[in-house]
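In what follows, a structure is listed as structure tokens, so that the remarks can point back to it.
Side-chain atoms are counted along with the backbone in the values below, which use heavy atoms only and exclude waters and symmetry mates. In this text, all values refer to a predicted model and were calculated from it rather than measured experimentally. Quick note on labels: first sequence line is chain A, next is B, and so on, each numbered from 1.
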There are 2 protein chains.
Amino acid sequence: MNEIRAAALAQLSTGGPSAISLRAIARDMGLTAAALYRYYDSLESLTEDLCADRYRSMTRSVVAARDAQTDCVSRLRAMCLAYREWALSHPQEYALICGAPVLLTGDTPQEGPAVEKMEAAVDFTLAFLGPFAEAWAGRRTPPPALLPGVLESLDGVVVELLTDKLPPEGIVYFVNGWARLSGAITTEIFGHLRWAASDAEPLFRENLEDMLRQLTA
Amino acid sequence: MNEIRAAALAQLSTGGPSAISLRAIARDMGLTAAALYRYYDSLESLTEDLCADRYRSMTRSVVAARDAQTDCVSRLRAMCLAYREWALSHPQEYALICGAPVLLTGDTPQEGPAVEKMEAAVDFTLAFLGPFAEAWAGRRTPPPALLPGVLESLDGVVVELLTDKLPPEGIVYFVNGWARLSGAITTEIFGHLRWAASDAEPLFRENLEDMLRQLTA
DNA sequence: TTCACTTTGCCAACGCCGTTTACTTTGCCT
DNA sequence: AGGCAAAGTAAACGGCGTTGGCAAAGTGAA
């Protein structure tokens, strides 16, 4: 399975998510395409397994950056920069991770590699929780009042994991900060900032410092 | 060509970007796949043409929302909400628009549907410029100082179109606000907020008001 | 009318792809 | 020695993008 993943990763890195092909993987390994069905139900489950694997790799990078710092704000900054750095140096893998599932129905697979992929995504997000909660606790001024209905809309399963580390407003700011961070990186990786700058690192740093200013206000 | 686009759009809407198929389009139109090559060089150029078309449709929605308001901040708010609304009601088209090109080299096509797609994207972004510039001019307090090197990094071609409507700091905030806005919507559409909320509209409104607060600070 | 020419489409083929089915080989356990 | 599961193969099916050659239909001028 590791060999399969390695071959699939090689194709992903060079040709993008759509270049992953069962037959090409089998060709690289000296096998027949049908042989791969001994290990995966379909190309989709192989892809989801690879996706979970890359998620875990990204998490390791970010956690390493976190553990190299001691101050909670420094940790957050290092994590965000490591996140962007990983995405920039593994753009096709990031495209796979962030690619559009656009799940139509509310289908929760409950089995197979899809659930592992979701768990890996949650683990990645939660790696930011500790430093964020610590920084939130050190705020000097109370945040602006929330719009009515925002707190009630937080009905996701993972929210329960946040309630004992963050107050309700903190959760909203964590989620929206998450959208801001991963959104900025996705926008850059997908090339939607190239009309403005060929190298978006200064823009990202400015964006990041703005986030941290708001967090510790 | 309109009939081709319509057939391609139907497939996109039901099956996502990867479901667009020359042969299926030809089947729907009672043609052979080879006949479509009289109108498009390849499936890729057809897809890019469709992408530009959907970009223009989205721009029309956002511009209509803008023109229904008079105050510049109300205009910005209405545009952002219309942007998200369009993406939510046309998720597969938005996935096509925001999908990962991950252009490896700095290839500027200079011809064909790819350049039309880029123009459509720029037009969409620039639709936000007028209200933003007006709101920026009405700021009450100066923005925080920029990090060194940020201004110099703005080397994109479109930046020239902004310089006569915005001061340098305003451009940086426009670009980063753009990343924040489109990033938040992309993150939601791609399902990366479902761990937090099944309906992310309240979170988006909170995010949006936070942006507008910063803009008019 | 007739000739040349462009437009528009079809047919057949090539090589890819995911997937399934049935069949073989290998090796291990009892 | 017998049985059994694991692992791989060969062949086929249908779908895909793309190409090249050929036929029909329209167009416009001599």
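When rounded to the nearest whole Å, the span between CZ of B:Arg23 and P of C:dC14 equals 14 Å. A:Gln11 places its CD atom 8 Å from the P atom of C:dC17, with the value rounded to the nearest Å. If you take CD1 of A:Ile25 and P of D:dG8, they are 14 Å apart, rounded to a whole angstrom.
In this view, B:Arg66 satisfies the salt bridge (charged side-chain N to carboxylate O under 4.0 Å, His left out) rule with no residue, not counting sequence neighbours. For A:Asp210, the salt bridge (charged side-chain N to carboxylate O under 4.0 Å, His left out) partners at least two apart in sequence or on another chain are A:Arg180, A:Arg213. With sequence neighbours excluded, the residues forming a salt bridge (charged side-chain N to carboxylate O under 4.0 Å, His left out) with B:Arg56 are B:Glu116, listed by chain and number.
Recorded end-axis angle for the helix from C:dT1-D:dA30 to C:dC28-D:dG3 stands at 10°, based on five pairs per end and rounded to 10 degrees.
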Practice task
Test A:Tyr83 against A:Phe124 for ring pair (Phe, Tyr, Trp, His ring centres under 6.0 Å), laying out the working first.
Solution key: CA-CA 10 Å; A:Tyr83 178 10; A:Phe124 178 65; 4.9 Å; yes

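When ring centroids are compared, A:Trp178 and A:Tyr173 stay outside the 6.0 Å threshold.
Sorted by residue number, the members of residues 33-43 of chain A with any non-hydrogen atom under 4.0 Å from DNA chain D read A:Ala34, A:Ala35, A:Arg38, A:Tyr39.
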Provide a list of protein-nucleic acid N or O atom pairs under 3.5 angstrom, restricted to nucleotides 24-29 of chain C.
none

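Each of D:dG17, D:dC16, D:dA10 was ranked by its minimum atom distance to the side chain of B:Leu22; first place goes to D:dG17.
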